[in-house]
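Notes for the one structure printed next.
Within every chain, numbering begins at 1; the chains are lettered A, B, ... in the order of the sequence lines, protein sequences first and strands thereafter.
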Amino acid sequence: MKHYYIERLTFYSVVIRLNLQLYCRIKTMRYDFNTIEKKWQDYWASHQTFKAENNSEKPKYYVLDMFPYPSGAGLHVGHPLGYIASDIYARYKRHKGFNVLHPQGYDSFGLPAEQYAIQTGQHPAITTEENIKTYRRQLDQIGFSFDWSREVRTSDPSYYKWTQWIFIQLFESWYNNNTNKAEPVSSLIEQFQTSGNEHIDAACDEDTPLFSAKEWQDFSAVQKQEMLLKYRLTYLAETEVNWCPALGTVLANDEIVNGVSERGGHPVVRKKMTQWSMRISAYAERLIQGLDTIDWTDSLKETQRNWIGKSVGASVTFKVKGHDELIEVFTTRPDTIFGVSFMTLAPEHELVARITTAEQKEAVEAYVEATAKRSERDRMADVKTISGVFTGAYAEHPFTKELIPIWIGDYVLASYGTGAVMAVPCGDQRDYDFAKHFGIDIPNIFEGVDISEEAFADKEHTVIANSDFLNGLGYKKAVKRAIEQLEQIGQGKGKTNYRLRDAVFSRQRYWGEPFPVYYKEGMPQMIDAKHLPLTLPEVEKYLPTETGEPPLGNARVWAWDTETNTVVDNDLIDHKTIFPLELNTMPGWAGSSQYFNRYMDPHNTEEIFSKQAIDYWQQVDLYIGGSEHATGHLLYARFWEKFMFDRGYVPVDEFAKKLINQGMILGTSAFLYEVTLDGKSLNIFVSSDLIEGHEYIDSQHPKWSELIKLYEARGLKKEDYDNKSKIRLIHCDVSYVNSSDELDEEGFKKWRPEFKNADFITNSEGVFKVKRDVEKMSKSKYNVVNPDQICEQYGADSLRLYEMFLGPLEQYKPWNTAGISGVHSFLKKLWKLFMDDNGLKVNASEPNKDNLKTLHKTIKKVEEDIENFSFNTSVSTFMIAVNELTAQKCSSRAILEPLLVVISPYAPHIAEELWSQLGHKESIAYAAFPKFDEAHLVESTKTYPISFNGKMRFTLELSLDLSKEDIEAAVLSDDKTKAQLQGRTPKKVIVVPGKIVNIVG
RNA sequence: GCUGAAGUGGUGGAAUUGGUAGACACGUUGGACUUAAAAUCCAAUGGCCAUUAUGGCCGUGCGGGUUCAAGUCCCGCCUUCAGUACCA
């Protein structure tokens, strides 16, 4: 028995093997994308095909993607969109003879890994490593031409060593407003030493006192450090921050969306804390100016301009009556100074408590307290309510010396300008509303303008009146004059104000870069750069300590020994040689603000990058990424690059010459209509075509007889459900829905077992349909499409082509997997152009005129498309080319070989395979892009559209040699023209040679 | 409110400086091949009217305008999306 069994097995295995051999033979002739793609991905990896050299005869080109945060969910089809576009561009540039740098890495510090660590105890480094593996596998299978030998990870100590190094450089620098650049702190100390700080124009803290050289010399060491800290480009300061209790950390303004945290949507409150800050405000003007020198989209530049928020105007000081106090305000309309009828201070303004009169004390205090309690979000949500209190104090008008009541109101923000405004109700709608509400005077200082209904804010048509020396002047002249006069009496000057605030740089987090900082007598000290990196310590818990310190407070070994320059046990802190280390870590944007430069020389252990490398690569030539980073990463990175430029580390002060924002690929969500009663599920679902337009169940409706039967079967009475039973939408995983929107009931029930006994009411054809809607692709909406499955089923080349084919790169567009069959069958047709059942069918035959025309118009169009980033139209062009060449039965090597090079940036795997089938031993990646030859497109005739009164009626083929007159004669003598005219004489004939003929009759 | 982008078939989208609107696909319908299915191939496919056929009218968010000719330019609106918001 046993013997027989083995014999049978052997027999079968021989049969199977024979079949397999036959199958494989056929298979080599077919477009077997899975095998081909794996083969070439392995080839590229083992041959390091895309390794960029730091010295090359070729011109350089640097194509960069925004590196991903490796999240646990992996990639969905929306993620690679920008990577595919940049990869096409990078491959194209290689064909064009450039030495292309196209690196990739990971922005691997961040909140999600830490949140996961808090929940599970899993070290973030482990989670991160696992996620990176998944990302790498997914990226590899799409066939990107990344130079992986240059990979960086922000959480890698060999990388963050240089993030720490830059921090030290910033600490050792100050911003000189005279030279308009950052300079070493040593130059500042020299000036203090010789002449104090009175004559220094620097970006510094507002509360910096003036001191003389003598005073400086007399300062203690700690006092000197305190003073210097007010000038450093990164500094410690007590700042009001956005504190997120749920996340236990501080958030930057751009990490808050609609008053809640961007990640997780948790509430955010204002809180005072000592934090590291970055003096980005020093660069506000240069960040605006620099925008004119770079090729970024207008909308992105506009977003950055708005964020920086430059406004030009004047600062004016008002004396407070009866106090030795001054109120400084910022105004963009100094021309309206004679229209001031009150002043408003922010409730948080420091003068409020000092100037409030005894009578008003109670009301003012109550108001201040009430505002403090209201969260930022409440204040934002409630813009319409006007509130405020009179302080009882008066200011003196700088010119008229009239008394101006001082109010407080929450429409004035403490964080903008000086936190105080001179209110001109006739010229500003908010001041107007406030004045109306509290019955304050609204003097009119505009000539010929009615202000009985609303304020007049039109600068263009302003003519000033009732304003002494400003009478009769227009806006511009009045502003100039007002500033001159204010300067003369010493109560104001021209001033430019920026909305941009310094960036808080501390996070109360574990999974981030440690600061290279220890504290001696309470003052921060930098660890010498040669001892970096200061690596993250191990902790038992990733939560804040019991005393409320950041997670690093849990580290047992986290103190700095200045004798040995090593990290030692906390217990050893003696404040003589061993000092406590900083417990905060750096924010997410630290690691991403210089990574583009590190790619140029990623393994350098001596420097952040060599001079030779940065001089060669200079800056990113093309940067592709999402527009959501407009006011975060893209602003901070520009700031750091300018700083690095000032200090002589980089040769240019903008890091990315050109930037493109790719749009988002949206998911097509599926929804089920679920019937509910009193908010509870009735376990009944209704096909979407029965429901459209209804919110409640109505027993009168004939469509719902089946549903009504179900109600009755369940013993529900008509009066219980009629017009009460409501319909709601629930998300359904898109994998249980086919392309006709029909639901796989069994699959759905398995996925959501709580509905396993649910009733599904089908439409009149007996089919259950879901509702479709386009939304952001996300796990929680169950509309995610995984690229792994697409690659498996259609191949990476199909995925690449399809993502490009969907529409313009910058646009938002919905994903629809069904459509991929179009590009997939294009690839099969392409394959068939080269291969038939017997193998390669390409030969040395002479190409004919049509072949050449097809090839050259394709070369021309694709080249233009790539230069214009119009990748979608290229894919159509390929389809047209292959359709035409197939119809022409073209098998000429002279046509098909160059065609392959043109297609290869888009579909590199199939291009490589066919290229090697053509007998090439080297990769196609560096083959020269074919040269376009206009000669092949020259035509002798043109099919003219013949229009009558602008409407095209028919076409006529005419020689292009004909003159205008010849064309007119030829057209007019044509029978079809005569038929159109029916004997009438045309009034006019427009002939545009080579374009169109229009007959006006 | 302000700023920016965009409105074209059933769907995604083409249309270089004003010059044949709807390329290229998806989907749909019909056909070929097949025992059948898949795959592949062929044909039709903006709407309406008409037909024996070569036809006719309307049509790029809406209303005007410029022009021999407008999706494209100008004026006035509407809608959608994104960003931003008491910024003095």
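Atom CD1 of A:Ile308 and atom C1' of B:C87 are 14 Å apart (whole Å). For A:Lys813 and B:A6, the NZ to C1' distance is 14 Å, given to the nearest whole Å. Summarising the geometry, the separation between CG on A:Leu827 and P on B:A25 is reported as 13 Å, rounded to the nearest angstrom. Spacing between atom OH of A:Tyr411 and atom P of B:C86 amounts to 14 Å, rounded to whole angstrom units. In this structure, A:Glu302 places its CD atom 13 Å from P of B:U84, rounding to the nearest Å. Across the protein-nucleic acid pair, A:Glu864 atom CD and B:U17 atom P stand 11 Å apart, rounded to whole Å. Rounded to whole Å, atom P of B:A88 lies 16 Å from atom CZ of A:Phe318.
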Once each nucleotide of nucleotides 50-67 of chain B is scored for protein heavy atoms under 4.0 Å, what B/S/- sequence comes out, 5' to 3'? ------SSS---------
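Within the 4.0 Å cut-off from OP1 or OP2 of B:G27, not a single side-chain nitrogen or oxygen of A:Asn816 is found.
A:Ser311 comes within 4.0 angstrom of sugar-phosphate atoms only, judged by non-hydrogen atoms across all strands, and of no base.
A salt bridge between A:Lys861 and A:Glu864 is absent, with no side-chain N of the basic residue lying under 4.0 Å from a carboxylate O of the acidic one.
Positionally, the nearest nucleotide of RNA chain B for A:Val823 lies more toward the 5' end than for the other of A:Asn497 and A:Val823. Comparing A:Val997 and A:Thr873 against RNA chain B, the residue whose closest nucleotide sits nearer the 5' end is A:Thr873.
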Set out, line by line, the N/O atom pairs under 3.5 Å between protein and nucleotides 70-75 of chain B.
none

